[in-house]
Amino acid sequence: MRQERPKDAAGEAKGCGRRGQRMRQERPKDAAGEAKGCGRRGQRMRQERPKDAAGEAKGCGRRGQRMQQERPKDAAGEAKGCGRRGQRMRQERPKDAAGEAKGCGRRGQRMRQERPKDAAGEAKGCGRRGQRMRQERPKDAAGEAKGCGRRGQRMRQERPKDAAGEAKGCGRRGQRMRQERPKDAAELSKVKRKTANTTTLYLRHFFAFAFAIEEINKNTELLPNITLGFDVHDSYVNEMKATKSSMSLITGREKPVPNYGCRSKDALAAVIGELSSAPSIAMATILQLYKYLQVSYGAMDPIFNDRHRFPSFYRTVPNEIYEMRAISQLLEHFGWTWVGILTSDDDSGRRAGEELEREISRSGGCVAFLERFRKPPHVTAAETEQINEVIDKSIATVVIVHCPVLYMTQFFLTYLLRKRPVKVWIATTTSSYLNYYMYMPQKGPGHFNGTLKFNVRRGEIPGLKEFLLSVKPTNFSDLDPFLNIWTLNFRCSPALSNGSFAFEDFYRHCREDLTMAQMPVTEYDVNNFIITYSIYKAVYAVAHALHNMISSNMYPGLSMDSESLRKNFPSWQLHHYMQNVQFKTSSGDQIFFDAHGDPPVHFDIMSWVYNNRQAKYLKVGSFIRNSAEEEELVINDSAIHWHPFFMQIPRSGCSESCPPGYRKVLQKEKPICCYYCTLCPEGEMTNTSDMKDCITCPDDQWSNEKRDACIPRTVDFLSYEDPLGMALFSIACFLSILTTGVLGIFIKSHSTPLIKANNRDLSYILLLSLVLSFLCSLLFIGHPLRMTCLLRQTAFGIIFTIAVSCILAKTITVIIAFNATKPGSKLRMWVGPQVSRFFVLLCSLGEVVICTVWLLGSAPFPDIDTKSETGTIILECNEGSVAAFFAVVAYMGFLALLSFVVASIARKLPATFNEAQFITFSMLVFVSVWISFIPAYLSTKGRYMVAVEIFAILTSSAGLLGCIFIPKVYIIILRPELNTKEYLMGRQVTTADL
């Protein structure tokens, strides 16, 4: 930024700004006018030719070669030719009053076309490659306009006409070349042609820069009594040019002299620029040596966060690391895991590509390809075609573009030539001019429709739109690129600052009412202030920092006037105030810089839509990082207009999506995004697509057949409502009633010989234990409760042990009774009811001890079993200690086995007294049942396991009842004649006689 520029009577010399760089054209002035030239590719080219009264002949330089056309002059006119590629071509032909004969030379061959002449003029053309090309134009007294065509393109050379004749040129290699030479004493000027839309892009940046300067100068509160000026240089996106321009700004000379300052009429406060990162690095390297402040409006490279290397660098665009995070979150939002990346083949592009690849990998995605573009002219057609093939063959639907448009020009021009697979393009802020190719008719919209574009926050600049539309040919008329706008787009000659007109011999004068409002919107967008808004913020940031520094009164001799600033401006102190600057823009945005010189992070996500031959950007989301370092991505899916090829949200993955109910299984030796799908196991499910792991259902739920949901489990236990439970309940009740009846019969017939002979007391105890045994089976039916779980096994074990002990006691008593009748037998003392009762108590005590230890150590408790049966919850009693349970059963088995052995020994008792035989059969049934019980019990689950145990209890108890007591009941009820002492005694002595 420059303070005040001296003016003189001739006018003021200005440059044309592009990308924050200064372009100055200096030409000698004379009384007739001012001669100007045009620069190209950062080289200053001046054409100086001798002057005479007729005018001045000048040429135009190209590719660093000076080309002069010298031809003899006379009163009739002047002969001119055209030269190219460093060859001097002179066409000399005879002249007369009627006109002049000219030709066109090429590749060392002289080609002369001679045609009949008349007073009106002369018809001429130029032939090439055996083709005769004739250009015919209307003739008049002044002369005749002609051109030459080649390769199907019509090339017209238009030159000012006079009475002497006509100047003509020739076209070559499909390019339209126009030789325009004025022939008057007023002015000679030559300007190179540029692509119109590229010029307007950067001119819009310059206009915003100039608008901000003008707005600040009119502001009475910000920098009062101080007028800001500016110099503009162009780097051509070249580090060497950027370095040279930086030195020119510091030294004040077009040809810089290091360590010398030649500024006497202004003071350099700060440098605004550059748009790209690579030239910004070159500029910052120089500017930080001289401690000048630099504010970039487009460089997003994270390398600038190194404050040791770039201590005085600031920017009004966010660090691109946060843009990479936003892209990663966007991919994760849509489930895009297989994407391609296109970057530039320079340091900034490589760093950005690597950072983007890391962010994508961190979020679970993969990069299908990473291609880099070399900077023209180094890139070859083969390289470009190879990248096109990689994109076409890749199954990745999403392609991320992070590359300046300069690197991708050849790529896009070839990519748009033919029909290609439809892709979803994501363009970063660096690819800010991608929309130039989007607007290309018929090709661009078809390929890029639905593109998602990241932009720095778009802001409103009040008055800028009107300013941009109101620019006239008289504004900034001394800027060569600005002159091109009028000549290339409106075919008119703009007025210069000295009152003359540029190219007035070639074009008509521009109308006074002509403005930039008549430019096409594709080339001159005045609605979307993105980079323009960043430039606007950069200028105001420097202005506020400068205002704060001057207002601090910390620097003697520094006051709010331009003169003191020019003499005493401490540029190195501005850094402190820039670091602490804070203000609010007209759009309401709070502007400040963090410790790294970065502004607040705010990206807008736009959707490029082409519909009904109209293209526009629609805001569909944003990415914000607040002061608390919290990041938030907001996407409005319904607002996005995808390419018509996609009927729904596009998918971009290495493998097919895994539907709900399936999970991903990685493939060997492939990226993590390449996988196959497998069905979730039972009890697990996935309710969304592409899940890495299945979700285990809760204990009370189970997965359905499709494994995409958990459903309530079926509760299983042996209930009274269940047919099996009802049947067992009925059998148990019946047997218990039957046993009770038998007990009643025995009590009623207690005095009969049969009851007396069978040890009445043991029979009563045995029948009572059988009744309880049948009834304890009911504890196994119904919903398991804590009390029923504690009682069912212990009660069954103790009661059954008592029953088996009674049988064992009866068997031993029978044996003792028959052996005690022998003379001198000592067994008489062991015969009696007291011994039998004691024996039963002693045997039962062992089972009681086992059950007590079981209950105290690891008591049974209600439990659920969710693993035994699929989709079923089994309500059961957990035995607590399996060893204790089998100890109870083993003890009963031991007593039963002992009873069986003893009964077998007593089987040879008298036939009239077959008690031992009945006991033997009952024990045989008992042992058989419980031996079969063990495998059946272990092989069943749920209610069937409980039913097996109930069945074993009922069967073994019924066996005892049937084998021991039913025969006696038969005799008591149906054969009372056998219930006599004589029948029972027979030839043996009964226990009743003893």
Side-chain angles (χ1 to χ4, degrees), residues 1-5 17 20 22 205-232 249 263 266-275 283 287 291-298 312-317 456-457 459-464 467 529 531-555 558-594 597-600:
M1 301 176 70
R2 198 174 71 172
Q3 288 82 16
E4 295 190 348
R5 205 177 279 107
R22 181 184 177 195
H205 296 170
F206 165 72
F207 291 153
F209 178 79
F211 174 81
I213 296 292
E214 181 180 345
E215 197 174 56
I216 293 172
N217 289 337
K218 293 179 181 179
N219 193 330
T220 57
E221 297 181 357
L222 183 62
L223 294 176
N225 302 322
I226 293 179
T227 302
L228 298 179
F230 57 86
D231 285 343
V232 183
L249 288 171
R263 289 186 178 274
D266 52 27
L268 180 63
V271 177
I272 306 296
E274 226 259 14
L275 178 63
M283 294 172 59
L287 295 175
K291 302 186 183 304
Y292 280 105
L293 192 69
Q294 178 185 0
V295 185
S296 173
Y297 54 88
S312 58
F313 180 88
Y314 296 84
R315 50 187 167 189
T316 54
V317 291
V456 294
R457 174 171 166 76
E460 299 295 332
I461 307 177
L464 179 59
F467 176 82
F529 300 143
I531 300 299
T532 307
Y533 185 55
S534 298
I535 297 174
Y536 184 80
K537 291 187 293 184
V539 176
Y540 263 89
V542 174
H544 278 278
L546 187 61
H547 181 90
N548 295 339
M549 184 181 73
I550 298 172
S551 302
S552 65
N553 298 321
M554 294 182 62
Y555 306 97
L558 195 63
S559 60
M560 282 289 185
D561 65 87
S562 300
E563 187 63 28
S564 65
L565 286 175
R566 282 196 294 267
K567 294 180 179 180
N568 306 306
F569 183 74
S571 60
W572 62 90
Q573 297 293 345
L574 189 59
H575 170 66
H576 170 73
Y577 295 93
M578 190 69 174
Q579 194 170 17
N580 297 284
V581 73
Q582 189 168 357
F583 65 97
K584 187 173 289 188
T585 66
S586 55
S587 295
D589 296 331
Q590 193 74 23
I591 303 301
F592 59 89
F593 299 98
D594 61 14
D598 293 336

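One-based numbering along the sequence shown.
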## Note on the structure
dist Ile535:CD1 -> His205:NE2 (nearest 0.5 Å) comes out at 5.0 Å
#### Entry: Approximate separation, where rounding is to 0.5 Å, of Leu293 CG and Leu287 CG
9.0 Å
### Ala541 to Val581 - nearest heavy-atom pair and separation
O-CG2, 4.0 Å
### Query
To the nearest 0.5 Å, what is the distance between CD (Glu274) and OG (Ser296)?
7.5 Å
### Summary
All heavy atoms of Gln590 vs all of Pro600, minimum pair found to be O-CG, 3.6 Å
### Task
Measure from the side-chain N and O atoms of Asn580 to the backbone N and O of His576, and report whether any donor-acceptor pair falls under 3.5 Å.
yes
## Note on the structure
In terms of heavy-atom contacts, Gln582 and Phe592 come closest through CG-CB, 4.2 Å
### Message
Does any part of the side chain of Leu546, heavy atoms only, come nearer than 4.5 Å to the side chain of Leu223, both counted from C-beta?
### Response
yes
### Task
Can you label the angle between the His544 ring and the Phe583 ring as parallel, tilted or perpendicular, going by 30° and 60°?
parallel
### Task
Kindly give the heavy-atom pair with the smallest separation between Ile591 and Lys537, and that separation in Å.
CD1-CD, 3.5 Å
### Task
Before giving the answer on side chain to side chain contact (heavy atoms under 4.5 Å, CB included), spell out for Leu268 and Leu249 the whole-Å C-alpha distance, their side-chain angles and the decisive distance to 0.1 Å.
CA-CA 8 Å; Leu268 180 63; Leu249 288 171; 4.2 Å; yes
### Message
Distance check, rounded to the nearest 0.5 Å: Leu574 atom CG versus Tyr292 atom OH?
### Response
11.5 Å
### Message
For Ile550 versus Ile226, what's the shortest heavy-atom pair and its separation?
### Response
CD1-CD1, 3.6 Å
### Query
Where is the tightest heavy-atom contact between Thr316 and Ser534, given as atom of each residue plus distance?
OG1-O, 3.0 Å
### Distance-only polar pair, side chains of Asp589 and Tyr533, donor-acceptor under 3.5 Å
yes
### Message
Walk me through whether Tyr297 and Val317 qualify under side chain to side chain contact (heavy atoms under 4.5 Å, CB included).
### Response
CA-CA 6 Å; Tyr297 54 88; Val317 291; 5.5 Å; no
## Note on the structure
Here the gap from Phe313 atom CZ to Phe593 atom CZ, rounded to the nearest 0.5 Å, amounts to 10.0 Å
### Message
Quick one, Phe211 and Ile461 - any side-chain contact, counting heavy atoms below 4.5 Å?
### Response
yes
### Message
Using a 3.5 Å distance criterion without hydrogens, assess whether the side chain of Gln294 forms a donor-acceptor pair with backbone atoms of Gly273.
### Response
yes
### Task
Any chance you could measure Glu221, atom CD, to His547, atom NE2, to the nearest 0.5 Å?
8.5 Å
### Message
I'd like to know if the side chain of Ser551 reaches the main chain of Asn548, judged simply by a donor and an acceptor atom lying under 3.5 Å from each other, with no hydrogens or angles considered.
### Response
no
### Check: Asn217 side chain, Thr227 main-chain N or O, donor-acceptor pair, under 3.5 Å
no
### Query
With no hydrogens and no angle check, is any side-chain donor or acceptor of His575 less than 3.5 Å from a backbone partner on Ser312?
no
#### Entry: Centroid-centroid under 6.0 Å between Tyr540 and Tyr536 rings
yes
